[in-house]
Peer 1: 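Just dropping this structure here.
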Amino acid sequence: MRYSEMFLPTGREIPSDAELISHQLMIRAGMIRKLTGGIYSYLPFGYRAIRKVEQIIREEMDRAGAQEVFLPMVQPAELWQESGRWVHYGKELLRFRDRHEREYCLGPTHEEVITDLVRHEIKTYRQLPRNLYQIQTKFRDEIRPRFGVMRCREFGMKDAYSFDADEAGAEISYQKMFEAYKRIFTRCGLNFRPVEADSGAIGGSFSHEFMVIADSGEDAIVFCGACHYAANLEKAEVAKPDQPENTDPPLPIEEIHTPGVKTIEEVCAFLRVKPGEVVKTLIFSADGVAVAVLIRGDQEVNEVKVKNHLGCESLELAPDDLILAATGSPRGFAGAVGIKTRIIADYSLLGMTRCIMGANREDYHLRHVKPGRDFQVEAHADLRVIRETDPCPRCGGAIHLARSIEVGHVFKLGTKYSKAMKALYLDATGREQTMIMGCYGIGIGRTVAAAIEANHDSDGIVWPLPLAPYQVIITPVNVNEKSLSETANRIYDTLKDKGVEVILDDRDERAGVKFKDADLIGIPLRITVGPKKLAEGKVEIMSRRSKEVIDLPIDAVEAFVLSKISEGM
RNA sequence: CGGGGCGUAGCGCAGCCCGGUAGCGCGCCUGCUUUGGGAGCAGGAUGUCGCAGGUUCAAAUCCUGCCGCCCCGACCA
């Protein structure tokens, strides 16, 4: 493409409303423009990058035996009522009515639609397994869209759904997708890591997230330096401690006046003790019912673990009125002694022989409380957030924490949707069975953003070759000099004939402007046609990533470029 | 939804306290010079100052309401 004819509005100024580097660069490199909150237009340059990712995904999905479909974005309410998610999905589901007052939603995901399709068409085990995927725009009415294309309301997603006759088959389908995902993200040039994840409201027994390590990521992950264990922070298990640590002899319980002392820090300062000697009593509202969760004062509760342990639909820290009703005191003085709610405790309480906790009475705490003697716990469980100082739950090795961007997620769904929506088949013995499902998503725009987040320098984007919207840019330093212009055109035609994706920067701009733009938009190879080298019959080829420049005779350019491209640079 | 910030030319911003002719840089247009890392000179175009009310002789500026955007939190497949 001739640059002079391209719709590629680049910018020098950093957009004021973009925080992330990838977001800033996508705007500056003319890839995206915002239409409204969380909704973006992709310009030609950005859309080419999107299509590169899509193409890689298509090839790997097809290779793994999945077949592409295209499903509607507008979906009828009835389907969602059937799965139960019309009620449970919440406000992220954008609902609306048509002229006949019938209710619809914009698809945030397509389990219902695909399950409906498959249940009507697949009747026998002979038609299983099947894996269908699509690349579609999804809409989720996010409370707070942010980070540009990273977390927006309208976004492109690949979603695949597998249907199997039994668990063993479902496991194979899952593994196939897992392998396909590894190939996809490897081909995208991303440094990623699959981690165990909580399956959340989507349900199912098991899931992995594919994470790209990046400081700007929204997610925190944990991984072991010694073994292969890796998990989302909210999923990461904490090993059950073997031995009681505290051997202090028990003492009689004692009430102490602690006026206005509420937080762990305040208690520690006031009583001159360490957080590890205090027990936090957090009152949660689990589906509206108060539950007390106990944890050592130096630890943090992992709400996902609490939610999973309780098996509740919703979990949040209790509002003040519920705390008052449950403990008889205002926030800040809750304790386990004498409380009427369910009590569950983190493993960190095991072996404590005495501790300090709230007295369920305003301005009072208790000391020398002995768990088991002064209160009973319904269960001890792993309820806390793992820390970098904790051992790996698998091998005991040292673990590390990192920020990361979730680009893909694979789930074993089990029968959550097939059961609710009656996706049944007849097995070899003629008995009716429920299909076992899996679902597998990739955020396309987010993958591109993550690639930029991980591949840029102070001059702009540094595209990994497989995602680069163009592979080569030819820069004649002065288009008004006929020899330069002609040489550039000749190289351009040659490369184009060979199928190379190439830009000819034929703009009547100063060389500096062209170089800056070429760097900004991150084209992997730049061929500079200038007067000095041309006098020797040569041009310069610069690698965007390494900034290394080599001189080549004009005749050798084609072979060089083709070999660079075929070796993936 | 709670807290904070911001809406002035295509982009980045000043002006607002203390009311009185709407500005700067970049970009854009024209001409000349220049031509290997965002050129120089000269000339030029561009604004319902987010919207709606109010106060005032007079509002970008003060007051009220609304809308939009950004950040933090809550929330979240």
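First the proteins, then the strands, lettered A, B, ... as listed; each starts at 1.
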Peer 1: RNA chain B: Ile143(A) or Arg28(A), which has the more 5' nearest nucleotide?
Peer 2: Arg28(A)
Peer 1: Could you tell me the Watson-Crick or G-U partner of rU21(B), where both distances fall under 3.5 Å? Say none if there is no partner.
Peer 2: none
Peer 1: Please confirm whether any donor atom in the side chain of Glu13(A) sits under 3.5 Å from an acceptor in the base of rG25(B), or the reverse.
Peer 2: yes
Peer 1: Say you pick atom P in rC57(B) and the same atom in rC13(B); how far apart are they, in whole Å?
Peer 2: 37 Å
Peer 1: Looking only at side-chain N and O atoms, does Arg144(A) come under 4.0 Å of OP1 or OP2 in rC70(B)?
Peer 2: no
Peer 1: Nearest 0.5 angstrom please: Glu92(A) CD to Arg153(A) CZ, how far?
Peer 2: 11.0 Å
Peer 1: Could you check how far CG of Asp17(A) sits from P of rC70(B), rounded to whole Å?
Peer 2: 6 Å
Peer 1: Quick one: Arg146(A) CZ to rC75(B) C1', roughly how many Å, whole number?
Peer 2: 9 Å
Peer 1: Considering only atom C1', compute the distance from rU35(B) to rA45(B) and round it to an integer number of Å.
Peer 2: 27 Å
Peer 1: Decide if atom CG of Asp320(A) counts as having more than 12 heavy atoms of other residues, nucleotides or ligands within a radius under 6.0 Å.
Peer 2: yes
Peer 1: So if I take every side-chain heavy atom of Glu19(A) and compare against rG37(B), rC71(B), rU35(B), which nucleotide ends up nearest?
Peer 2: rC71(B)
Peer 1: Side-chain donor-acceptor pair under 3.5 Å between Gln175(A) and Glu171(A), yes or no?
Peer 2: yes
Peer 1: Does any donor-acceptor pair link the side chain of Asp517(A) with the base of rG38(B) at a separation under 3.5 Å?
Peer 2: yes
Peer 1: Nearest whole angstrom, please: distance from the P of rC70(B) to the CZ of Arg151(A).
Peer 2: 14 Å
Peer 1: For Lys514(A) and rG36(B), give me the distance from atom NZ to atom C1', rounded to whole Å.
Peer 2: 11 Å
Peer 1: Looking at Thr528(A), I'd like to know whether one of its side-chain N or O atoms comes within less than 4.0 Å of OP1 or OP2 on rG36(B).
Peer 2: no
Peer 1: Calculate the interatomic distance between Gln24(A) atom CD and rC71(B) atom P; express it in whole Å.
Peer 2: 11 Å
Peer 1: Rounded to the nearest 0.5 Å, how far does OG1 of Thr115(A) lie from NZ of Lys416(A)?
Peer 2: 11.5 Å
Peer 1: In Watson-Crick or G-U wobble terms, both distances under 3.5 Å, what is the partner of rC66(B)?
Peer 2: rG50(B)
Peer 1: Look at Lys91(A) and rC1(B) and indicate whether a side-chain polar atom (N or O) is within less than 4.0 Å of OP1 or OP2.
Peer 2: no
Peer 1: Compare side-chain N and O positions of Thr36(A) against OP1 and OP2 of rC69(B) and report whether any pair is under 4.0 Å apart.
Peer 2: yes
Peer 1: Looking for any heavy atom pair under 4.0 Å, which part of the strands does Pro531(A) touch: base, sugar-phosphate only, or nothing?
Peer 2: base
Peer 1: Whole Å only: how far is the CD atom of Glu234(A) from the P atom of rC76(B)?
Peer 2: 11 Å
Peer 1: Is a donor-acceptor pair below 3.5 Å formed from side chain Arg12(A) to base rC11(B), judging by atom type as modelled?
Peer 2: no
Peer 1: With rounding to the closest Å, how many angstrom separate the P atoms on rG38(B) and rA22(B)?
Peer 2: 37 Å
Peer 1: side-chain contact (heavy atoms from CB on, under 4.5 Å), that's the test. Do Ile473(A) and Asp517(A) meet it? Break it down for me.
Peer 2: CA-CA 10 Å; Ile473(A) 184 166; Asp517(A) 273 333; over 6 Å; no
Peer 1: Roughly how far apart, to the nearest Å, are rA74(B) and rU64(B) at atom P?
Peer 2: 31 Å
Peer 1: Quickly work out the Glu142(A) CD to rC1(B) C1' distance and round it to whole Å.
Peer 2: 15 Å
Peer 1: Which one is paired to rU55(B), where only Watson-Crick or G-U wobble pairs with both distances under 3.5 angstrom count?
Peer 2: none
Peer 1: For Val529(A) and for Tyr89(A), find the nucleotide of RNA chain B with the closest heavy atom, then tell me which residue's nucleotide is more 5'.
Peer 2: Val529(A)
Peer 1: Find the distance Asn478(A):CG to rG38(B):P and express it as a whole number of Å.
Peer 2: 15 Å
Peer 1: With C1' as the reference atom in both, quote the distance from rG19(B) to rG5(B) in angstrom, rounded to an integer.
Peer 2: 25 Å
Peer 1: Quick check for you: among rU35(B), rC70(B), rG37(B), whose closest atom lies nearest to any side-chain atom of Arg510(A)?
Peer 2: rU35(B)
Peer 1: Any strand counts, and the cut-off is 3.5 Å on both contacts for Watson-Crick or G-U wobble. Which nucleotide pairs with rU30(B)?
Peer 2: rA42(B)
Peer 1: Need one value for Gly37(A): base, sugar-phosphate or nothing, where a base atom within 4.0 Å counts as base even if backbone is also close, heavy atoms only.
Peer 2: sugar-phosphate
Peer 1: Identify whether any heavy atom of Glu540(A) sits under 4.0 Å from a base atom; if not, whether one sits that close to sugar-phosphate; answer base, sugar-phosphate or nothing.
Peer 2: base
Peer 1: What integer number of Å spans the P atoms of rU55(B) and rC63(B)?
Peer 2: 15 Å
Peer 1: Does a donor on one side chain and an acceptor on the other come within less than 3.5 Å for Asp159(A) and Tyr161(A)?
Peer 2: yes
Peer 1: Looking at rG73(B), which nucleotide sits across from it as a Watson-Crick or G-U wobble partner, both distances under 3.5 angstrom, or is there none?
Peer 2: rC1(B)
Peer 1: Does the side chain of Gln136(A) come under 3.5 Å of the side chain of His110(A) through a donor N or O and an acceptor N or O?
Peer 2: no
Peer 1: Kindly indicate whether the side chain of Arg526(A) and the base of rG36(B) share any N or O donor-acceptor pair separated by less than 3.5 Å?
Peer 2: no
